[in-house]
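What you are looking at is a predicted structure, and each value in this text was computed from that prediction instead of being measured. Along the sequence shown, residues are numbered consecutively beginning with 1.
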Amino acid sequence: MTSTLSPEDDIFQDEDVLRDHYPERILERDEKINEYLQMFKPVVRNKRPRNVFVHGQTGVGKTIATKAVFQRIIDSIEQYDYDSNKNIDEPSVRTIHLECKDLNTSYQVGIHLVNELRSLNGREEINTTGYPAGEVYSKLFAELRAVEHTHVLIALDEIDNIGEDDNVLYKLGRANDDNSANHVDPESTKVGIIGITNDPNFQSNLDPRVKSTLCEQEVYFPPYDANELNTILTDRAKNAFHDGAVEDSAIALLSGIAAKRDGFARTGLNLLYKAGQRASNEDAGAVTEEHVRSAEDALEQDMVLKTVNSLSTHAKLVAYTLVKLDDEDELPAKIDKLYAWYEMYGNALGVDPLTSRSVHEILNELMLSNIAECHEENKGLSGGRYYEYELCASKSVIITGLADDTRLNDLDDDRL
C-alpha cells in the first residue's frame, strides 16, 4: 500500500531551526567575539583599522561572528556621544561581506567587489568578464574613493578558494598606503580587510608581502567542546522540537559525539536533525539516545561511502584488497602481504602497481578517513616490531562504494 505524507508531526515543531545559520546568532563565543571586536577599536576612534586574519575549521562560528562584530561596531558608533568628545570626529562605517566560495581568482573577487561597491554607491553594475586585470583594480579603487563613509570594512569569506592567486589581497591590504598604485586617501576613506578561511595551511602559503599586510591581527576560532555544543544544541532544540520531544540525555550524548568527531556545531545540528527524523518516522514519543546512535551510524556510513567514491584508482584497489583479505580471514595483515595482494589485483586490472611506500601512504589516508586502522605488534627479540592493518569501517558500505567504479568489475568479484 502506497503511503502519503502529512504535515502534522509530533516531534518537529520547526526543523528549519536546525539549519546552519538559523537563527543568525551565536552562542558560546562571547569571549572570542569580544577579542575580535577589540581589534576594531581604532574604527570607533575614527582611525585606520588594521587588517584581520580569521581562521578555524568550518562550523565553528567565524562567519556569524564576523557579521556580529560588524553590527556591534555600528551599534557602538551610534551609542557613543561624539558631540561630548571634541577630540574625535564621528566615523561612519560601510561593511561588505563577500562569500568567495565560487570565486577562484583575484580577478573574480575584484569584479564582485566592484559591483558590491557600485550597488552601494547607487551605480549600475559592470559585466563580470571582458576587462583587463589592471582595469578591474582601477575600477575597484575608484569605487572605494567614491564611498561616502569614513570607513569601509571588507570581509572576504573562504578566501582560500582563490589559491595562490592572492594579488587582490595584497592590493586591498595596502589600499591606504601612500606608495600604493591605487591609493585611497585615508583622510577620505579608511579601508580594512578581514580574511576568513577554513584552511589551516592558507596563511603559510601566502606570498610574504600579502601575509604581512593581511595578517596584521589574527583571531582563531577553535572547535567547540562537548559542554559548548550542549548549550548550542539545547537552545536550538527548544524551537525545533515540540516540548518534551527530545530527551536531555539524547542531546548530551549527541554533544559528546559531535565534540569527539570534529567539534563543529554543523555536525551536531546535522546529527540532531537525523535523530529527530528517525523518531518522527517511528512515531516515537521523543528523540532518545537510541535514535542518536542510529543517526551516528548512518552519518558514518554516508561519510565512508562518499570517501570511497572519491578515492583514486589505486586507493580503491587498496580498499578492495582489504575487503578481499577480510573475506579470506587474512586480516589483520602486514604490509608485505597486503602489497602482494594489491599488486596481484593491479596486474589483473591492467594498472601498473605503485611502490610499497606509496601503498603505505594510501593506507595512512584510509586511516585518516576511518576506513582502515593499524595496530603495532611487538614479538620481542624473535619476531621484532611491525604494524598490521585491517578494516574499521563497515565492509558492506565499502563494497557499495567500490561497486560504483565499473573498472573494478573486471576483477570478476561477484560482490561488486
Side-chain angles (χ1 to χ4, degrees), residues 57 199-201 204 223 256-264 267 293-416:
Q57 293 294 326
D199 184 354
N201 299 315
S204 60
I257 291 171
K260 185 177 180 180
R261 183 181 290 272
D262 50 33
F264 303 164
T267 299
R293 292 192 178 93
S294 174
E296 181 193 16
D297 289 342
L299 182 63
E300 186 69 35
Q301 291 183 14
D302 288 345
M303 292 177 65
V304 169
L305 191 60
K306 289 177 182 178
T307 299
V308 172
N309 283 330
S310 66
L311 292 176
S312 66
T313 297
H314 286 285
K316 286 180 178 178
L317 274 173
V318 173
Y320 178 88
T321 299
L322 286 166
V323 168
K324 295 302 292 181
L325 283 166
D326 190 70
D327 284 344
E328 300 298 326
D329 291 326
E330 295 288 342
L331 292 183
K334 294 167 63 174
I335 185 67
D336 54 351
K337 177 185 286 189
L338 198 153
Y339 182 77
W341 284 51
Y342 153 81
E343 190 175 30
M344 175 181 67
Y345 290 125
N347 289 330
L349 198 60
V351 175
D352 292 334
L354 300 175
T355 64
S356 178
R357 180 175 180 178
S358 295
V359 170
H360 186 269
E361 292 174 352
I362 288 175
L363 284 167
N364 287 336
E365 294 174 6
L366 295 180
M367 288 190 291
L368 289 173
S369 301
N370 294 319
I371 293 174
E373 61 185 356
C374 75
H375 308 283
E376 184 179 9
E377 294 291 329
N378 190 343
K379 300 299 183 180
L381 295 177
S382 61
R385 296 171 60 187
Y386 56 87
Y387 289 97
E388 289 186 328
Y389 297 88
E390 60 182 322
L391 292 171
C392 66
S394 167
K395 187 164 62 173
S396 63
V397 175
I398 296 173
I399 291 170
T400 300
L402 293 174
D404 290 337
D405 191 331
T406 56
R407 294 169 298 178
L408 297 180
N409 292 334
D410 293 337
L411 294 173
D412 295 327
D413 190 339
D414 58 7
R415 301 186 63 182
L416 295 179

What are the two closest non-hydrogen atoms of Cys392 and Ala372, and how far apart are they? SG-O, 3.5 Å
Hey, would you say the Tyr345 and Tyr342 ring centroids sit under 6.0 Å apart? no
Results of ring pair (Phe, Tyr, Trp, His ring centres under 6.0 Å) for Tyr389 - residues two or more places apart only: none
So, for Leu331 and Leu391, which heavy atoms are closest and what is the spacing to 0.1 Å? CD1-N, 4.0 Å
Apply side-chain contact (heavy atoms from CB on, under 4.5 Å) to residues Asp262 and Gln57 and explain how you reach the verdict. CA-CA 9 Å; Asp262 50 33; Gln57 293 294 326; over 6 Å; no
Rounded to the nearest 0.5 Å, what separates atom CG in Leu354 from atom NE2 in His360? 14.0 Å
Exercise: identify the closest heavy-atom pair between Lys337 and Ala333: CD-CB, 4.1 Å
What's the separation between atom OG1 in Thr307 and atom CD in Glu365, rounded to the nearest 0.5 Å? 11.0 Å
Kindly indicate whether the side chain of Asn364, heavy atoms from C-beta on, has any atom under 4.5 Å from the side chain of Leu368. no
Closer than 4.0 angstrom, basic N to acidic O: yes or no for Glu300 and Arg261? yes
Side chains of Leu338 and Leu363: closer than 4.5 Å at any heavy-atom pair? yes
Which atom names give the shortest non-hydrogen contact between Ala319 and Ile398, and what distance separates them? CB-CG2, 4.4 Å
Closest heavy-atom pair, Gly346 versus Leu317, reported as atoms and distance to 0.1 Å, is CA-CD1, 4.0 Å
Enter the distance from Tyr386:OH to His375:NE2 here, rounded to the nearest 0.5 Å. 12.0 Å
I want to check something: taking the side chain as every heavy atom from C-beta on, are Ser204 and Asn201 in contact at a cut-off of under 4.5 Å? yes
Start with the C-alpha distance between Cys374 and Met367, add both sets of side-chain angles, then the distance that settles side-chain contact (heavy atoms from CB on, under 4.5 Å), and finish with yes or no. CA-CA 8 Å; Cys374 75; Met367 288 190 291; 3.7 Å; yes
Does some side-chain heavy atom of Ile335 sit less than 4.5 Å from a side-chain heavy atom of Ser356? yes
Asn370 versus Ala393, closest heavy-atom pair with distance: O-CB, 3.4 Å
Looking at side-chain heavy atoms only, is the closest gap between Pro353 and Tyr339 below 4.5 Å? yes
How many angstroms lie between atom NZ of Lys316 and atom CG of Asp404, to the nearest 0.5 angstrom? 7.5 Å
Calculate, to the nearest 0.5 Å, the distance between atoms OG and CG belonging to Ser369 and Leu311 respectively. 7.0 Å
Let me confirm one number: the CD1-CD distance from Ile257 to Glu296, rounded to the nearest 0.5 Å. 4.0 Å
Using a 4.5 Å cut-off on heavy atoms from C-beta on, say whether the side chain of Asp326 contacts that of Lys395. yes
From CA spacing to verdict: side-chain contact (heavy atoms from CB on, under 4.5 Å), Asn309, Asp405: CA-CA 8 Å; Asn309 283 330; Asp405 191 331; over 6 Å; no
I'd like to know whether Leu325 forms a side-chain contact (heavy atoms from CB on, under 4.5 Å) with Trp341, so could you lay out the CA-CA distance, the side-chain angles of the two residues, the decisive distance to 0.1 Å, and finally the verdict. CA-CA 8 Å; Leu325 283 166; Trp341 284 51; 3.4 Å; yes
Any chance CG of Asp336 has more than 12 other-residue heavy atoms, nucleotides or ligands included, within less than 6.0 Å? yes
